[in-house]
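Everything on this sheet refers to the single structure shown next.
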Amino acid sequence: MLKPADVERTWYVVDATDCVLGRLATQVATVLKGKNKPTYTPHVDCGDYVIVVNADKVRITGDQDAKKFYYHHSGYPGGMKVRSTKVMREAVYCRVG
């Protein structure tokens with residue numbers, strides 16, 4: 001079992017150019033949780049740091065730009081907000097660029 005004082009963290013830089021969004025997300029999540037290490041301990045934060053570059057060039061397969069939706073609810077009546085993947089990607093580009 002790994003103790004919190006014994007955790008050694010490393011930095012990873014991931015280039016997202018032409019990577020499929022879902023597959024990239026699962027690989028990054030595995031590294032962030034620390035499950036790629038042989039010393040993985042569930043109750044200790046032993047994950048590494050990840051920097052994703054070129055996230056605007058990530059690939060989305062199929063027709064997900066139009067058919068996949070992200071839902072957010074504020075908790076108030078009528079507070080449901082629905083956005084498509086295309087709208088979400090455009091909103092991110094406007095903030096970055």
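Predicted model only: the values in this text are computed from it and were never measured.
A distance-only check finds a donor-acceptor pair linking the side chain of Thr85 to the backbone of Gln64 [under 3.5 Å]. Thr41 places a side-chain N or O within donor-acceptor distance of the main-chain N or O of Leu2, the cut-off being under 3.5 Å.
Interatomic distance, Asp65 CG to Met88 CE, rounded to the nearest 0.5 Å: 12.0 Å. Of the inter-residue distances, the one linking His43 atom NE2 with Lys3 atom NZ reads 10.0 Å to the nearest 0.5 angstrom. Going from atom CG of Leu21 over to atom NZ of Lys68 covers 6.5 Å, rounded to the nearest 0.5 Å.
Listed by chain and number, the residues in a salt bridge (Lys or Arg N to Asp or Glu O under 4.0 Å) with Asp45 are Arg9 (sequence neighbours excluded). Partners of Tyr71 under the side-chain contact (heavy atoms from CB on, under 4.5 Å) rule, at least two apart in sequence or in another chain, are Phe69, Met80, Val82.
For the pair Asp48 and Leu32, the minimum side-chain heavy-atom distance is 4.5 Å or more. Val31 has its side chain out of reach of Lys33: every pair of non-hydrogen atoms, C-beta onward, lies at least 4.5 Å apart. Side-chain contact check for Ile60 versus Arg89: some heavy-atom pair is nearer than 4.5 Å.
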Check step by step if side chain to side chain contact (heavy atoms under 4.5 Å, CB included) holds for Val14 and Ile51. CA-CA 6 Å; Val14 178; Ile51 298 172; over 6 Å; no

Checking Val44 against Val7 for the side chain to side chain contact (heavy atoms under 4.5 Å, CB included) test, could you report, in this order, the C-alpha distance in whole Å, the side-chain angles of both residues, the deciding distance, and whether it holds? CA-CA 9 Å; Val44 176; Val7 175; 3.8 Å; yes

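Between Asn36 and Thr30, the side chains place no donor N or O within less than 3.5 Å of an acceptor N or O (distance only, hydrogens not considered).
Residues Leu24 and Tyr12 share a hydrophobic cluster, clusters being chains of Ile/Leu/Val/Met/Phe/Trp/Tyr side chains in contact below 4.5 Å.
Smallest separation of non-hydrogen atoms from Ala55 and Ala16: CA-CB, 4.1 Å. Residues Val58 and Cys19 come closest through the heavy atom pair CG2-O, 3.1 Å.
The neighbour count for Tyr49 OH, taken as heavy atoms of other residues, nucleotides or ligands under 6.0 Å away, does not exceed 12.
Screening residues 13-25 for salt bridge (Lys or Arg N to Asp or Glu O under 4.0 Å), with sequence neighbours left out, gives no hits.
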